[in-house]
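One structure below.
Any value given below was found using the heavy atoms of this structure, including those in side chains, with hydrogens, waters and symmetry copies removed. None of these values were measured; they are calculated from a predicted model. Below, chains carry the letters A, B, ... as their sequence lines are ordered, and counting in each starts from 1.
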Number of protein chains: 2
Amino acid sequence: MVSIKDVAKIAGVSIATVSRVFNSPQLVSPRTRAMVYSVAQKLNYIPNYSAKTLRKSIVGSIIVLIPDVSNLFFIDVVHGVQDYAESRDYNVLMGRFNISIFNVEKYFQLVKSKAADGIVLATGHDRVYPKISDAQNVNIVTIEEPYMDNPYVYIDNFKAIKQVIDYLLSKGHRRFGFIGFKSERSRFTAFKKIIKENGIEYDEGLVRLGEETAEDMPESARIYIKNLVEKKKIPDAIVCASDVLAAGAIKWLIKSGLRVPEDVSVTGFDGIDIVNLVTPSITTVDQPRHRMGMEAAKILINKIEGKDFDEKVRLPTRLIIGESA
Amino acid sequence: MVSIKDVAKIAGVSIATVSRVFNSPQLVSPRTRAMVYSVAQKLNYIPNYSAKTLRKSIVGSIIVLIPDVSNLFFIDVVHGVQDYAESRDYNVLMGRFNISIFNVEKYFQLVKSKAADGIVLATGHDRVYPKISDAQNVNIVTIEEPYMDNPYVYIDNFKAIKQVIDYLLSKGHRRFGFIGFKSERSRFTAFKKIIKENGIEYDEGLVRLGEETAEDMPESARIYIKNLVEKKKIPDAIVCASDVLAAGAIKWLIKSGLRVPEDVSVTGFDGIDIVNLVTPSITTVDQPRHRMGMEAAKILINKIEGKDFDEKVRLPTRLIIGESA
DNA sequence: AGTGTGAATGTAAATGTTTTCATTATCGTA
DNA sequence: TACGATAATGAAAACATTTACATTCACACT
């Protein structure tokens with residue numbers, strides 16, 4: 001490996017000068033600068049990352065942790081984190097954790113060992129939190145829900161669900177089903193509250209809460225629809241807490257001989273690409289996924305660099321009208 | 001930051017001993033070991049990653065580069081890389097490159113600067129290759145197609161497409177359409193060759209090659225179907241080079257009043273989750289995406305550590321019978 | 001001539017490890 | 001008791017940087 005020493009020796013200057021050529025060129029005379037630069041080029045010199053980060057306190061890389069890689073919602077968030085990080089010259093390490101495996105700690109260790117500067121934790125699972133024993137001195141930004149005193153980026157689930165239900169009410173629907181997650185309760189809570197506010201009685205039999213992984217969702221939707229069909233208790237409209245759930249529900253409704261939206265309306269949540277790939281296309285709540293990632297990364301990097309940062313950022317959602325409702 | 005020095009001082013031993021407690025405990029007497037360990041625990045000591053990797057030559061982290069994060073095929077590959085890397089105690093940095101932006105070089109720099117040990121390059125775009133000026137001394141494993149003399153993991157596209165066409169022929173189809181990518185030609189080449197071998201004439205008008213990003217695919221499928229419908233030239237079966245293309249084709253066929261598979265059969269390629277979310281479910285070629293990532297990571301890490309590794313690994317595909325053909 | 005200023009460069013310390021080599025302690029065996 | 005082998009530990013070099021501080025030099029001004 002060619003080091004700064006080799007460059008210095010051949011260029012006939014001190015290593016300090018070589019370092020300056022790369023880090024603060026304005027401190028070096030144009031002549032030496034050009035000379036050192038050409039020697040470095042010729043030797044194919046590239047500064048060693050470990051040595052650099054050992055000396056400086058900031059590493060220049062952040063971690064983004066998502067629960068489920070096969071869920072496009074999170075992928076879009078990662079995308080956003082990457083885009084912003086890139087603009088600030090940071091690398092992004094992507095990790096994932098299984099709700100069962102809880103290997104979140106490992107990533108905390110990585111930050112503590114200064115392999116990375118901080119973490120964007122993209123999740124709403126409160127169940128993950130208690131397992132994190134020691135999150136002191138670790139820069140964290142969460143998405144969806146706050147975690148301890150850390151800054152976070154979120155959307156207004158209540159408002160979003162209200163928008164959905166108002167839309168469904170305007171279409172004349174009166175009997176509402178809901179399918180969501182055990183781990184994410186705020187959309188479910190919003191659903192219950194809002195239908196009650198509209199004088200509609202809440203029917204436990206029209207509701208199901210399942211697991212949140214992309215693998216489990218279609219199965220959860222299948223069971224839900226199967227139960228409704230068997231009990232011959234078909235709601236006018238089914239509100240789903242994610243697009244994948246909605247796609248699954250639509251699929252099984254059609255398989256059961258029901259028409260969407262003529263017999264049953266279905267709405268999704270997230271706004272990922274599949275809403276336009278299925279037939280009928282899904283009416284859904286568009287979350288600014290990419291932007292959520294960008295904002296989270298922005299807060300994190302500002303915090304890392306000791307700059308001002310927002311304690312919390314709320315981003316707007318938008319109802320996308322498809323053909324499924 | 002608490003360093004190895006602090007631990008050594010408080011434990012009353014040398015820093016060498018502390019280092020040994022963590023790296024080769026069998027060299028340290030049980031007594032000292034336990035003592036040092038408890039001091040380290042109390043002080044919350046975590047070895048500094050940069051210092052460690054500066055001293056050792058292996059960093060313990062690899063990069064996986066994919067062209068398009070919103071394509072679930074690549075995400076599954078990344079998943080595989082991560083799973084294998086984890087088993088060998090490596091971290092994974094995920095990068096993506098846009099066909100237009102070509103920021104691949106950046107990741108090569110990262111390896112050259114010893115921020116990572118090597119790269120899994122998951123792509124079939126030969127167009128990327130020429131842009132990589134200097135790939136010497138960088139450990140690379142590619143997926144799908146070879147790049148220079150580097151090892152790679154691949155599938156037999158010809159055999160896979162043959163399996164698809166044989167299946168369609170067995171269902172009595174005789175007029176074949178194809179929709180694929182400008183950048184990935186081997187499936188297209190296989191398609192042309194195989195239908196000719198079966199005495200079917202190749203019709204340029206039933207073929208379309210578009211861009212490969214997940215964003216562009218549905219649009220490409222829409223245009224393709226629109227053209228067919230306008231020209232009233234509807235094939236018996238449409239072979240698609242990806243599942244997303246197939247989903248798009250199905251969607252627009254249905255919108256045009258055609259039934260799938262009654263009027264037109266459609267097949268996909270990849271085997272990603274959406275094949276079961278759309279109606280009808282897609283008949284497709286299942287690629288061992290996760291395993292492809294695993295194998296690539298295995299080759300790479302073996303190469304990094306100077307162990308024996310396979311120069312190329314071919315993995316089997318499998319026809320999944322759905323409802324779309 | 002002497003002094004002060006600022007630019008350009010160099011010296012050396014500091015960052016936190018791992019590991020080679022040397023030293024000391026322990027213990028069994030002759 | 002002495003010796004050798006082995007186990008346990010320490011001292012210090014090496015890894016490749018950045019940067020505080022020191023030095024040198026040219027030049028302008030008194």
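Between B:L54 and B:Q26, the one whose closest nucleotide on DNA chain D sits nearer the 5' end is B:Q26.
Using modelled atom types, one finds no donor on one side chain facing an acceptor on the other under 3.5 Å when comparing A:T142 with A:E144. Side-chain contact annotation: B:R96 with B:N71, donor-acceptor N/O pair under 3.5 Å absent.
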I would like to know whether B:V21 and B:V18 meet side chain to side chain contact (heavy atoms under 4.5 Å, CB included); could you show each step before the answer? CA-CA 5 Å; B:V21 167; B:V18 178; 5.5 Å; no
Stepwise side chain to side chain contact (heavy atoms under 4.5 Å, CB included) check, A:E145 with A:Y152: CA-CA 7 Å; A:E145 293 183 22; A:Y152 61 103; over 6 Å; no
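With C:dA8, C:dG16, D:dA16 as the choices, the nucleotide that has an atom nearest any side-chain atom of B:A51 turns out to be C:dG16. When distances run from any side-chain atom of B:T32 to the nucleotides D:dA8, D:dT17, C:dT17, the shortest one goes to D:dA8. When distances are taken from the side chain of A:Y45 to each of C:dT9, C:dG16, D:dT17, the shortest belongs to D:dT17.
A ring-centre distance under 6.0 Å is not found for A:Y45 and A:Y37.
Minimum heavy-atom separation, B:V2 to B:L43: CG1-O, 3.5 Å. Closest approach of A:P151 to A:D310, counting heavy atoms only: CB-O, 3.6 Å.
Considering only side-chain N and O atoms, A:S50 lies nowhere under 4.0 angstrom from the phosphate OP1 or OP2 of D:dT17.
Put simply, OH on A:Y49 is 17 Å from P on C:dG16, counting in whole angstrom units. Atoms NZ (B:K5) and P (C:dT15) sit 6 Å apart, rounded to a whole Å. The CG atom of A:N48 sits 13 Å away from the C1' atom of C:dT15 (whole-angstrom rounding). As rounded to whole Å, 14 Å separates atom P of C:dG16 from atom CD1 of B:I46. In this structure, the NZ atom of A:K52 is 17 Å from the C1' atom of C:dA14, given to the nearest Å. Between A:I4 atom CD1 and D:dT19 atom C1' the separation is 12 Å, expressed in whole Å. Here C:dT9 presents its P atom at 10 Å from CG of A:L27, a figure rounded to the nearest Å. The CD1 atom of B:I58 sits 20 Å away from the P atom of C:dT17 (whole-angstrom rounding).
B:K52 contributes no side-chain N or O that, together with a main-chain N or O of B:P47, makes up a donor-acceptor pair within less than 3.5 Å.
No contact: B:F22 has no heavy atom under 4.0 Å from any strand.
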Please list, for nucleotides 19-21 of chain C, all pairs of protein and nucleotide N/O atoms separated by less than 3.5 Å.
{"from": "C:dT19", "atom 1": "O4'", "to": "B:R55", "atom 2": "NH2", "distance (Å)": "3.2"}

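The stretch residues 7-14 of chain A touches DNA chain C through A:G12, A:V13, A:S14, each having a heavy atom under 4.0 angstrom from the strand.
Taking the charged nitrogens against the carboxylate oxygens, A:K182 and A:E211 do have a contact shorter than 4.0 Å, which makes a salt bridge.
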